[in-house]
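Notes follow the structure.
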4 protein chains.
Amino acid sequence: MPTGTDTHRRKVSEMKRAAIVDAARKNFLTHGYAGAGMAEIAHDADVSTATLYKHFASKEALFVAVVKQVARSAGDYSGLFAPNDTVRDILYKACRTYLAAQFEQDANALMRIVMAEVPGAPQLARETYAELGTRRIDSFKAVVDQMIARGMLRPHDSAFSARIGSGILKEIFVWPALFDKEIGLPPDTDEKIHRCIDCFMAIFGSED
Amino acid sequence: MPTGTDTHRRKVSEMKRAAIVDAARKNFLTHGYAGAGMAEIAHDADVSTATLYKHFASKEALFVAVVKQVARSAGDYSGLFAPNDTVRDILYKACRTYLAAQFEQDANALMRIVMAEVPGAPQLARETYAELGTRRIDSFKAVVDQMIARGMLRPHDSAFSARIGSGILKEIFVWPALFDKEIGLPPDTDEKIHRCIDCFMAIFGSED
Amino acid sequence: MPTGTDTHRRKVSEMKRAAIVDAARKNFLTHGYAGAGMAEIAHDADVSTATLYKHFASKEALFVAVVKQVARSAGDYSGLFAPNDTVRDILYKACRTYLAAQFEQDANALMRIVMAEVPGAPQLARETYAELGTRRIDSFKAVVDQMIARGMLRPHDSAFSARIGSGILKEIFVWPALFDKEIGLPPDTDEKIHRCIDCFMAIFGSED
Amino acid sequence: MPTGTDTHRRKVSEMKRAAIVDAARKNFLTHGYAGAGMAEIAHDADVSTATLYKHFASKEALFVAVVKQVARSAGDYSGLFAPNDTVRDILYKACRTYLAAQFEQDANALMRIVMAEVPGAPQLARETYAELGTRRIDSFKAVVDQMIARGMLRPHDSAFSARIGSGILKEIFVWPALFDKEIGLPPDTDEKIHRCIDCFMAIFGSED
DNA sequence: AATGAATGAGATTTCATTCAT
DNA sequence: AATGAATGAAATCTCATTCAT
């Protein structure tokens, strides 16, 4: 019965593919795009280079696969609204979610690499920006929309305020981390988040 | 009289050095750090590779020189205060100066490359962040301080507000440009700047 | 059955390795260490430079391999004692064996190169001296020990006499060859050997 | 008066030449022929590379000059015969003189380098062998001749015995030093010399 | 006569990719 | 389908030597 064999083969093949993407992500993040080597990736994934090339036609194709895999995890903004939450409570949770997605998934390191490839692979960079940049702000915007609907924020252009909020968070937390791989979230993150929220509410808060 | 000869030689040598840095900047910006080739840089500068290496001991040293040269042009924030300027006028000019420094000198492209080198050359990245990141915000902060002193802005922590302002501008203008080398300042830049100023003044404006 | 493939691959690979060492020996001997080029070695071995570097991680590693290969042929001193041989017969055969190992395997040329690398690679030089210098004398000493046991030579410190014998042979035959690559064993080698034996027996011969 | 100036100029020029040869010797001995760099030699001699090339047309020519300079100091065997000296006393002094010339003037290191250049510069090697090898043995032979004339040694072919003596000394003292730049004369040099003399006298001593 | 910046040619080494088995 | 040895093309860097001043 070839079916069973086929299924088995496909399963093995997919596992190898996953192992490759995994090994590739680690290598790209550690050594950068140019620094990562196909041989080492293959070795780390317990696969021959030839097999690697069966799955991904080129280094760039492999890199695209890694980016897409990471970008897929955008952060979950559902269930942010608990019954007795204040405006600040909800904004705080939204900020935390935003930052978690940015820091926990190596998204910073990935952004660095993607940016570096802008001259060489503009399409990839644009797509990644859409995934890692725009999409996250859209999620944030959805939260803002809900808050406006509930009268928690003054009515305004939420697309704009979401970017403003994102910009403030990036400046305080993300930007430094882009230039230093050892910088994570600082110990006084909470306090800083609240100062950011102060700003946000000074602009977009309801007027009472 | 060796002086004449020496002076001449030095002058020629310095011109070659400048030509090398120039060619290097173009190459790095076009192809990225790894993509740029010393041979091509030397060729573009009309110099042999050996001469190139007399001036810069390694590819990295050359890159550092390029970064420093670009960073040197941090933007001139003096003479921002004209007699009858409103708060908004001054902030507008400050924003324009900030954005000019960021866009006119290829600073965006350079930032991309430096970020890409974070894993491989952390020290360089940190120094560049200090030059291209922190220093620009400091200039901005000095403007804010003056405005506070003149009662144009509510008294507050100017170090913080300078970062907030910088963060907002980056999000709206810089961030997209980091992911797309063809993105410069948009046609409706003025309008966008004014929306940013609205935000800034909502937070830090004097309360009248 | 991967075994067949593996075996075949290994066989091919080993042949290439041998070809590389061979080509390398010729190049090193002809042009010296610094003068030999990896590209030419690869070409002579019908192999790409990349393959060469798969087998030997560096020029130095390749040179070490060459030295070890040559050193392996230390000369065979067994079967020197025939029933009716006189003392002189046996010493003559030992001298011939010693000189054969020194001249037939390019050991002289190799010694030259190794010596030249003394400042740059002291460890290698020391090891080579152990292989090409000490070990050969040890073999000679074993022969002397047997001759003493049979009463053919006066009892004495064989470690010392072996060095004396080796020193005399080196002076007469090896030393000139070290300074002139075209000098091999001279036509009157036999006569010279016997004069050396005269000296040796004058010192260490039994007194009858 | 140009004469004074000319004389002065020539004097300066000769001093520079000497400085160059000196710096060259140090560099060659330290780094080997290939390892030594013309730029560094010029720097060490406080001279420009162009001046260096005015004095010596090429690296090889400079090396030849160094070899000749060192070879010129062959050791002084005159005044070896004191009134009441025994045979052994005189031979001891001759050995000491021989070894001093070999070890004190970096002759070992120079020999290493010359040998390395045998394939590339055969003529130089042959000449050096004549200077550093043959000539020293000739001096030794002269001493032997005198000893024969005085009845201190059995009449024999002194050209041969000088080589035998030289060979024994080389084996014991020089050979190891050729493979290890840190090896000088050992602490028990005297004892070893006397064992060598024992051998020599067993062969060539007068029979009383 | 002297300088030292500049050079051309070549060195070793690396790596994404292919191909015979 | 999978292997891993082999490759070609290029990269960074060095150095003896020359030349304009």
Side-chain angles (χ1 to χ4, degrees), chain A residues 5 9-10 12-13 16 34-43 47-60 62, chain B residues 1-2 4-10 12-14 16-17 34-42 46-60 62, chain C residues 1-10 12-14 16-17 34-42 46-60 62, chain D residues 9-10 12-13 16 34-43 47-60 62:
Chain A
T5 305
R9 275 202 193 143
R10 192 170 310 161
V12 167
S13 184
K16 293 208 171 180
M38 298 297 266
E40 193 180 344
I41 291 173
H43 174 89
V47 164
S48 72
T49 54
T51 300
L52 193 165
Y53 273 86
K54 276 269 153 53
H55 283 278
F56 301 95
S58 69
K59 195 182 188 180
E60 188 176 325
L62 176 54
Chain B
M1 264 146 263
T5 304
D6 277 16
T7 306
H8 178 261
R9 266 224 275 263
R10 194 169 308 160
V12 169
S13 190
E14 270 169 29
K16 294 216 171 181
R17 198 194 135 97
M38 297 299 263
E40 192 181 344
I41 291 173
D46 251 315
V47 163
S48 71
T49 56
T51 297
L52 193 165
Y53 273 89
K54 270 268 157 58
H55 284 279
F56 302 95
S58 68
K59 193 182 188 181
E60 187 176 328
L62 177 54
Chain C
M1 263 146 260
T3 315
T5 304
D6 277 14
T7 306
H8 177 260
R9 266 221 275 263
R10 195 169 308 162
V12 168
S13 190
E14 270 170 29
K16 294 214 170 184
R17 198 195 136 97
M38 298 298 265
E40 193 180 344
I41 292 173
D46 252 316
V47 163
S48 70
T49 56
T51 298
L52 193 165
Y53 273 88
K54 270 271 156 57
H55 283 279
F56 303 95
S58 68
K59 194 182 187 181
E60 187 176 328
L62 176 55
Chain D
R9 276 204 192 139
R10 194 170 309 160
V12 168
S13 186
K16 291 206 173 179
M38 297 297 265
E40 193 180 344
I41 292 173
H43 174 90
V47 165
S48 72
T49 55
T51 300
L52 194 164
Y53 273 87
K54 275 270 152 55
H55 283 278
F56 302 95
S58 68
K59 194 182 189 182
E60 188 176 326
L62 177 55

[X] vs [N]: side-chain N/O to OP1/OP2 distance below 4.0 Å:
X: A/T51; N: F/dT3; value: yes
X: C/H55; N: F/dA6; value: yes
X: B/K59; N: F/dT12; value: yes
X: B/S48; N: E/dA6; value: no

Euclidean distance, atom [atom1] of residue [X] to atom [atom2] of [N] [Å, nearest integer]:
X: D/K54; N: F/dT17; atom1: NZ; atom2: P; result: 15 Å
X: D/H43; N: E/dT3; atom1: NE2; atom2: C1'; result: 15 Å
X: D/L62; N: F/dC15; atom1: CG; atom2: P; result: 16 Å
X: C/L52; N: E/dA11; atom1: CG; atom2: C1'; result: 14 Å
X: B/I41; N: F/dT12; atom1: CD1; atom2: P; result: 8 Å
X: B/E40; N: F/dA11; atom1: CD; atom2: P; result: 9 Å

Legend entry - Pair B/H55-B/V47, side-chain contact (heavy atoms from CB on, under 4.5 Å): steps then yes or no: CA-CA 11 Å; B/H55 284 279; B/V47 163; over 6 Å; no

Inset, instruction - With DNA chain F as reference, determine whether D/A57 or C/K16 sits nearer its 5' end, using the nearest nucleotide of each. - result: C/K16

Inset, instruction - Map C/E14 and D/E60 onto DNA chain F by nearest heavy atom, then report which one ends up closer to the 5' terminus. - result: C/E14

Inset, instruction - Under 4.0 Å between any heavy atoms, over every strand shown, what does D/A36 touch: base, sugar-phosphate, or nothing? Just pick one. - result: sugar-phosphate

Inset, instruction - With heavy atoms under 4.0 Å as the rule, sort B/A42 into base, sugar-phosphate or nothing. - result: nothing

Closest approach to the side chain of [X], judged atom by atom: which nucleotide of [options] is it?
X: D/A50; options: F/dC19, E/dA2, E/dA6; result: F/dC19
X: D/M38; options: E/dT18, F/dT17, E/dT13; result: F/dT17
X: B/S58; options: F/dT3, F/dA9, F/dC13; result: F/dC13
X: D/Y53; options: F/dT18, E/dC15, E/dT17; result: F/dT18

Legend entry - Passing candidate, side-chain contact (heavy atoms from CB on, under 4.5 Å) with A/L52, options A/M38, A/K59, A/K16: A/M38

Inset, instruction - Could you let me know what F/dA10 is paired to, Watson-Crick or G-U wobble, both distances under 3.5 Å, or none if it's on its own? - result: E/dT13

Inset, instruction - Could you please name the partner base of E/dT21, counting Watson-Crick and G-U wobble pairs only when both distances are under 3.5 Å? - result: F/dA2

Inset, instruction - Of all the heavy-atom pairs spanning C/A34 and D/A34, show the shortest one and how long it is. - result: CB-CB, 3.4 Å

Legend entry - Closest-nucleotide 5' rank along DNA chain E - winner of B/D46 and C/T49: B/D46

Inset, instruction - Can you measure from CZ (C/R17) to OG1 (C/T51) and round to the nearest 0.5 angstrom? - result: 13.5 Å

Inset, instruction - Could you tell me the separation between the OG1 atom of D/T49 and the NE2 atom of D/H43, rounded to the nearest 0.5 Å? - result: 12.5 Å

